[in-house]
Amino acid sequence: QSDDRYDWSRIREVWGAAWPDKPVKIEKSPPNIFRYQMLNMEFPNSLFIGMIRHPYPQIEAWRRHFGNGKNALHDYYVDWIRHAEWLLRAKEELGPKMLLLNYEELIHFPTQTLQKITTFFPLLNGLRPNAPIIDNNEKSISKFSYIDINHMNDAILDRTMFTIERIKVERSLGLLE
């Protein structure tokens, strides 16, 4: 069900102006994972590509971007889990309309990952990165102290393990690409 807070005719107008006469329009705002049902309803011909990243480098990116206030690591970890759960829920509900990828696979196997994307969405055939794909995960993780990592792990380990196990199971069942 659509949400009255969104003016979809205005959104269509803005997006149409941003991408006039383009057969493919890409909107990549991470918070849109929480709007996938509305986006699917308002743009029924849409396809969705979701990407999940290892929590530590993702949290470090958020910490760099948003700051490191009190309880920030815990809050960012909870946000990562919530995001991962929504990605899995979206994949379940959207089925073949969604491709779920792993950021680390993109880094280490860019050609194969881009092939998955173009197989899923043939209009993107010929897609090439416009810059080198660089693995900054190790550098990001190295910025955490031992205490930081323990704090993140201890704060919500059970829920994280549930999410990680669910991802492993879904991958083994072929639900994740």
Side-chain angles (χ1 to χ4, degrees), residues 1-3 5-62 65 79-140 162-177:
Q1 185 171 351
S2 201
D3 189 320
R5 295 176 296 172
Y6 297 94
D7 182 349
W8 291 106
S9 60
R10 177 73 179 130
I11 291 169
R12 280 186 189 81
E13 179 183 320
V14 169
W15 287 359
W19 301 293
D21 304 320
K22 300 285 183 181
V24 177
K25 296 169 177 48
I26 297 176
E27 208 305 310
K28 63 181 189 77
S29 303
N32 277 338
I33 189 57
F34 305 112
R35 301 179 189 109
Y36 76 88
Q37 293 163 319
M38 287 185 291
L39 289 166
N40 188 45
M41 187 173 78
E42 296 294 332
F43 302 94
N45 295 325
S46 295
L47 295 175
F48 297 81
I49 299 174
M51 186 168 289
I52 193 161
R53 184 178 186 188
H54 187 284
Y56 294 167
Q58 181 62 61
I59 291 166
E60 172 54 26
W62 287 337
H65 186 75
D79 288 347
W80 180 89
I81 289 172
R82 185 168 164 247
H83 188 261
E85 290 173 343
W86 274 81
L87 279 169
L88 293 172
R89 183 179 306 138
K91 177 61 181 157
E92 275 179 18
E93 290 184 24
L94 295 169
K97 288 186 68 172
M98 182 173 188
L99 174 65
L100 188 54
L101 299 170
N102 177 293
Y103 178 80
E104 287 72 23
E105 287 177 307
L106 175 62
I107 291 169
H108 296 289
F109 308 105
T111 303
Q112 296 90 328
T113 303
L114 292 174
Q115 181 61 45
K116 285 181 183 180
I117 293 170
T118 57
T119 298
F120 171 71
F121 194 11
L123 280 175
L124 296 176
N125 197 16
L127 180 68
R128 299 284 174 267
N130 60 2
I133 299 174
I134 300 169
D135 183 357
N136 287 317
N137 281 358
E138 190 172 322
K139 180 180 174 184
S140 294
F162 170 78
T163 301
I164 289 170
E165 289 305 313
R166 182 172 174 196
I167 290 169
K168 286 179 185 175
V169 167
E170 293 199 5
R171 183 173 297 271
S172 72
L173 294 173
L175 298 174
L176 300 180
E177 310 304 332

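- Taking CG from L100 and CD1 from I52, the interatomic distance works out to 6.5 Å, rounded to the nearest 0.5 Å.
- Side-chain atoms of K97 do not come within 3.5 Å of backbone N or O of F48 as any donor-acceptor pair.
- Across S140 and E60, no two heavy atoms sit closer than the pair O-CG, 3.5 Å.
- Of the possible polar contacts, one joining the T113 side chain to the E105 backbone as a donor-acceptor pair under 3.5 Å is found.
- Residues passing the side-chain contact (heavy atoms from CB on, under 4.5 Å) test with Q115, sequence neighbours excluded: T118, T119.
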Go through it in stages, so that I can follow the logic: the residues are L101 and L106, the test is side chain to side chain contact (heavy atoms under 4.5 Å, CB included), and I'd like the CA-CA distance, side-chain angles, deciding distance and then a yes or no. CA-CA 8 Å; L101 299 170; L106 175 62; over 6 Å; no
Stepwise side chain to side chain donor-acceptor pair (under 3.5 Å) check, R53 with N102: CA-CA 6 Å; R53 184 178 186 188; N102 177 293; over 6 Å; no
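- Side-chain atoms of W19 and E27, non-hydrogen and from C-beta on, do get closer than 4.5 Å to each other.
- Here the closest heavy-atom approach between residue Y6 and residue M38 is recorded as CE1-CE, 3.4 Å.
- Residues L99 and I117 come closest through the heavy atom pair CD2-CA, 3.8 Å.
- Within a 6.0 Å sphere centred on NZ of K139, heavy atoms belonging to other residues, nucleotides or ligands number 12 at most.
- Rounded to the nearest 0.5 Å, atoms CH2 (W80) and NE2 (H83) are 10.0 Å apart.
- Annotation: side-chain contact (heavy atoms from CB on, under 4.5 Å) contacts of F121 (sequence neighbours excluded): V24, L47, L123, L124.
- In this structure a side-chain-to-backbone donor-acceptor pair under 3.5 Å is missing from K116 to F120.
- Partners of Y56 under the ring-ring contact (aromatic ring centres under 6.0 Å, His included) rule, at least two apart in sequence or in another chain, are H54.
- Among residue pairs with one or both ends in residues 8-21, those qualifying as salt bridge (Lys or Arg N to Asp or Glu O under 4.0 Å) are R10-E13, R12-E42; sequence neighbours excluded.
- In this structure, CG in L88 is found 8.5 Å from CE in M98, a value given to the nearest 0.5 Å.
- Between I134 and Y103, the shortest heavy-atom contact is O-OH, 4.2 Å.
- Defined by atom type and a distance below 3.5 Å, a donor-acceptor pair is present between the side-chain atoms of E93 and Y36.
- The two residues L87 and M51 have their closest heavy-atom pair at CD1-O, 3.5 Å.
- Taken from CG in N32 to CG in L39, the straight-line distance is 5.0 Å, to the nearest 0.5 Å.
- Residues passing the side-chain contact (heavy atoms from CB on, under 4.5 Å) test with P31, sequence neighbours excluded: S29, R35.
- Between E138 and D135, the shortest heavy-atom contact is N-OD1, 4.2 Å.
- Applying the ring-ring contact (aromatic ring centres under 6.0 Å, His included) criterion to F34, with sequence neighbours excluded, gives W86.
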